[in-house]
Structures are given as structure tokens and as C-alpha cells.
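Worksheet for the structure shown next.
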Amino acid sequence: MDSAPVGDAAPAGMPTIRRRDCEVGDGWPESVPPLLRRIYAARGAHDADSARPRLARLLPPDALTHIDAATALLAEAIAAGRRILVVGDFDCDGATAVAVAVRGLRMLGAADVVHAVPNRVAHGYGLSPGLVQSLAPLLPDPGRPGVGPGQPLLVTVDHGIACHAGVAAAKAQGWRVLVTDHHLPGDALPPADAVVNPNLAGDGFASKALAGVGVIFYVLLALRRRMREAGAFADHVVPDLTTLLDLVAVGTVADLVPLDANNRALVAAGLRRLRAGQGCAGLRALIEVSGREAARLSAADIGFAIGPRINAAGRLEDMAIGIACLLADDIGQARELAGLLHTINAERRAVQQAMLDDAEAALARRPAVDPLHAGVCLFDADWHPGVVGLVASKMKDALHRPVVAFAPADPDSQQLRGSARSIPGLHIRDVLAAVDSAHPGLIERFGGHAMAAGLSLRREAFDAFADAFRQTVAATLDPALLRAEIVTDGALAAAEFDIAHALALRDGGPWGQGFPEPLFDGEFDVLDWRVVGQRHLKLTLCPVGTRLRIDAIHFGAGQGVVPAACERIAYRLTPDDYRGNGAVQLVVEHREPVNSR
């Protein structure tokens, strides 16, 4: 195990608990409980329409830069019967985006749609020249019956904005290229025929938070309108693209993009389809194999159960398996593929835990020094490149430091693939850009968002990068941000610890990034406790000043910690589906002894 210099992972101390401020206005319908009104207001939603946005309030696609050029490319290819090749990314957002593109284009009349996805080990990220070369056999034979004349069209989904060489290679092969992406662009755009990305400079689309699957869904909406205005559906029913929203919801939640009003409308509509059993066969099978109940599915279930099983294929195997599951129409085939994804995900969890054990052991061997050394870089020659993002995320949460985890691109490679995760207040892609600017050639490739990014470097450059990363973070980040903060919605009243409020909270979402799931805090007497499942702490609690007895569970906290008699606890109120009969439980996120400060 190699890491950045000693001190990068100095403990951040006990998190502070802060309560959100809010002012609840008038005009709420009686159907919205006062507790939910307070929670919505604390998230900036001051009426029912903004708290629970509807599809009718979706932003129109008109303001997306190059949307007319993009739909013209697609409409022309469909009308001429040309081949359309959809190329995705190897994560859940990329897989769902491929499925939405393929299903949507076929619904709109495309007769020759094929898809491909890079292999993480063989091709690396995105549309690389190597991937383009491997796709050459997909170029259609112009003499084949049914193939229209002219150039075939390659469409990237959830990537492409940083793939200059790959786009140029595709153009040289004879493809026209449409890039659809949501990652932040660099100084120049790739040489595509059109680029649709709400984060382009000067783009007028009001929501910058669309996931890759959301971008291609919007392209399809605009394409349908173009075709409808041209009379393409005069003889048959206009295709209903809302049937794709189950996939849009899964990709959006799994990619951890902010759930602004536009994304919440998309996710809520997709969840309604999934709860009604109207999702595609692959998602229904994944819900089954993950042990969830479709009728009660939540955004959290997507994030913790559905998304990881799709992601696992791209991490350890081939995302083609995940895409095949999402494109399957036969439920038997879908269940077979979902079972395979479930098995791969179990393997991924084992690999992840072993890598986390390595990282924690290496950090524990280093003495803590200057806590301002804030940037953590980790590398192990035995790590798997498909799991470093998860390790970076877990270590970021544990240390409350930005973390970059690296692994060899393949067992014999001298190139490293890294995945970076950040804390609030530090734009991680901007940090990588600053390192790249100050040390040209040190980073071979990079790209990403404010909170997550990916990069490649030569193995011998690791130490130099770790030093440059640490210095850049130290110069950029306010040291006050290195202390973790837990933000809550305050305390629950005694009368609110009931099933009606637990159900209202569960169904009041979708909750997610930028619109966080309700979290409360208060002081509790610990009446009883025991360890369950070897790692989890089961508690019986009494809110101070009441006579209530409430069950609680603190996952992963059952090793070596004896609860105090009275603790301040941050928790979520949920239905206790195991006990049923209107029971509730608290899911504990943080505990500290009262008067410990």
C-alpha cells in the first residue's frame, strides 16, 4: 500500500450537529402534514408544486445548446434507415442511458440501432481511439439490403465531452458523431457534429443537474417533437416516452446528481411506474433479486440496492451484462441476467471490503500530524480499478477529507486509474485542473464533477501527483471545512414517533443529493442494547422527557462501543417492515454521549 505523505488523514474529530433553519409559509394543502411542510421549507420548497414537482412542470428542451442540430442528425438517420450506434459508459447512469437511447430510438422508428460500451480494463473510460477501432466491425456494409446510404451515426451517452481523440477517430472511420453528456467540459469541445450538454458554456437550460440518462431523454423528447411537427406520426400513435422514466429514475438516483425540481419530477414519475409494476423487465427482476418490494420502492432502494447491482457489472465484469438486463423484454431472461448481476455484486462487495481493510490498515500505521494536510492519495498494486471509486468514497466519508484511490489499469500495466471523491466546499475537478495546469503532463486524462472525478497517470508519477494534490487542496480548501457536519431537521415531538409520520416521510420524496432524506436529532436514554448480526447495534431508546420506548438500529456500530446511558442521536424515522403492525424504528446515523463536548 502506498499513500500520500504522513498526516494527510489526520482525524477530523467528532462531527458537529447543526439544525436547518426554515420558515414555513401559508398555502399548503391539508394533506401535507406540518412535519413535511417544515422539511420541505428547509430544502427551499415553499409550496406543494415545488415540493412535489409534476411532469407537467418539466423544463422544455429548447434551451439546450445544439438541440436542433442533434435532432436533425437523428431524424435524418432514422428517415434514411442508417445505422445508429449508441456508445455508453460503464456505470449505472451510462447503462440506463444506453437502454433509454436504444428503446427510445426504436420507439421513434429507428430500424437499425446497435449499442456498445467500453470494457473498463481493455479500453479505459469513454470513447477512446482503441474503443473506436474495436467498433469498426459495426460499420454497416453499404451493399447490405436495408442499409440506407450516407454516413452512419454514433451517439455517445453519459460521456464524450472529454473524448477528443476518440471522437476524431470515429470521424475518421466514417461516422457522424453526436455527443450527449453532462460532465463538465474543458476549454475546447470535441470535434463532433453536435454536442448536447447542459453544462456547456452559455447553455441556457436552467437545470445543470441532469444525469447522462436525463440528457438523452431530453434529446428524445426534442426529437419526438421535431418528428411530430414533420408529420412522422400522422398514421399512428405518437410514442409515449414516459414509459422510459423508470430507467431515467434509476440512472439519475444512482449517479448522485442533485435532485433539483426538474430531476425530482423525473425521478418521482419513474418511481411511480416502478411501484405500479410497470417498469421494464430488467428493473422488475433487479427489484426481486435485491429483496425489495416494488410497491414500496424508494429512491434509497435505487441507490443502495438496484444501482449497485447494475454498477457491479461495469466494475468487475462487462457492463454489457447490465445493459442486456435493462434491454430484456422477456422476464425469464431478465431474471437470469439479474441473478448474474446479483452474484457479481456479491463479489464486488468482497473485493471492496478487502481493499477498504488494506486502506484502513495502511492509514492506521501512520502517525497523525498536521491536520491541515487534507488531500489523501491511496494506491495498492493489488487493487481492482473498478472498485477504487467505492474505496475513495468510503474513505472520504470516514476521514472527511478528499480522497483519490488508484489501482493499476490492468495487472501488468504501468498506468494507474484513479477515482477521486470530495467533501462539500471543494470542487474536485477544479483541483485536478489546477494540478494539471501547474504540472503539465503529470495527469494523462481527467474529467468529472464537483464531488467526483476520474483520472489516469503513469505509475511512476504517483508520488509527484500525491504531493501536488495535497498542496493544491491545502491551498484551496478552508480548514474549517475539514470538520464533518451533520445537518438535521431538528427534533421530533413525542406525537411524531408514529407510523403515520414514518410513512409520510418515506413517501414524501424522492430524497437524494441536494434534497436530503429527513434526518432528526435529540437526546435519548438508552434502555437496552445488544449486538446483532455481529456488526450492528440494536437499541431500545426513550426520548428524554417522555415515556416512549422506541426500537433503533445503528448499522456497523456493534463492535467494541458500549453505549452511554444518555446519548444525543441523529436518526431517521422509518416504518419497521420486519415487525409490521404499525411499528416504527429509528435508523441511527450518529451517536455521542450527552455532555461529551
Side-chain angles (χ1 to χ4, degrees), residues 1-15 256 351-408 416-436 438-439 442-444 446-485:
M1 160 73 69
D2 296 314
S3 60
V6 171
D8 284 1
M14 183 177 292
L256 299 178
V351 171
Q352 175 185 327
Q353 189 58 54
M355 290 168 60
L356 282 171
D357 291 344
D358 289 344
E360 290 168 355
L363 292 174
R365 290 193 295 268
R366 303 188 314 172
V369 289
D370 186 350
L372 296 184
H373 286 184
V376 181
C377 290
L378 303 169
F379 163 65
D380 193 295
D382 294 326
W383 281 359
H384 193 291
V387 187
V388 288
L390 298 173
V391 171
S393 181
K394 293 287 188 181
M395 296 307 295
K396 177 266 300 181
D397 290 342
L399 302 170
H400 200 69
R401 300 286 194 273
V403 174
V404 191
F406 290 91
L416 302 184
R417 297 226 173 102
S419 193
R421 297 294 184 270
S422 193
I423 60 175
L426 183 75
H427 194 301
I428 196 68
R429 186 194 175 279
D430 286 356
V431 169
L432 296 181
V435 172
D436 184 57
H439 306 274
L442 183 63
I443 303 176
E444 294 187 347
F446 71 95
H449 304 291
M451 302 303 289
L455 68 158
S456 298
L457 0 132
R458 299 178 309 281
R459 187 164 181 166
E460 63 269 21
F462 172 79
D463 289 336
F465 171 81
D467 186 61
F469 178 75
R470 183 184 70 256
Q471 292 182 31
T472 304
V473 171
T476 305
L477 184 64
D478 180 352
L481 297 175
L482 292 173
R483 182 155 189 172
E485 184 178 66

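Numbers for residues simply follow the sequence, beginning at 1.
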Side chains of [X] and [Y]: closer than 4.5 Å at any heavy-atom pair?
X      : Y      : result
Leu426 : Leu481 : no
Ile423 : Arg401 : no
Met355 : Val388 : yes
Met395 : Leu378 : yes

Might you point out which heavy atoms bring [X] and [Y] nearest each other, and give the distance in Å?
X      : Y      : result
Gly425 : Leu477 : O-CD1, 4.1 Å
Phe379 : Pro408 : CE1-CD, 3.8 Å
Ala433 : Phe446 : CA-CZ, 3.7 Å
Val473 : Gly375 : CG1-N, 4.2 Å

Report the distance from atom [atom1] of [X] to atom [atom2] of [Y], rounding to the nearest 0.5 Å.
X      : Y      : atom1 : atom2 : result
Leu432 : His427 : CG    : NE2   : 10.0 Å
His384 : Gln352 : NE2   : CD    : 12.5 Å
Phe462 : Leu416 : CZ    : CG    : 8.0 Å

Sequence neighbours excluded and cut-off under 3.5 Å, please list the side-chain donor-acceptor pairs for residues 451-459, or say none.
residue: Arg458; atom: NE; partner: Glu460; partner atom: OE2; Å: 3.4
residue: Arg458; atom: NH1; partner: Gly441; partner atom: O; Å: 3.2

Check side chain to side chain donor-acceptor pair (under 3.5 Å) between Ser419 and all other residues, then give those that pass, not counting sequence neighbours.
Arg421

Contacts of Asp478 that satisfy side chain to side chain donor-acceptor pair (under 3.5 Å) - sequence neighbours left out:
none

Residues forming a ring pair (Phe, Tyr, Trp, His ring centres under 6.0 Å) with His449, sequence neighbours excluded:
His182, His183

Contacts of type ring pair (Phe, Tyr, Trp, His ring centres under 6.0 Å), residue Phe469, not counting sequence neighbours
Phe465

Would you say NZ of Lys396 has more than 12 non-hydrogen atoms from neighbouring residues, nucleotides or ligands within 6.0 angstrom?
yes

Mind checking side-chain contact (heavy atoms from CB on, under 4.5 Å) for Thr472 and listing every partner two or more places apart, or none if nothing turns up?
Val431, Ala434, Val435, Thr476

Under 4.0 Å between a side-chain nitrogen and a carboxylate oxygen: does that hold for Arg470 and Asp467?
yes

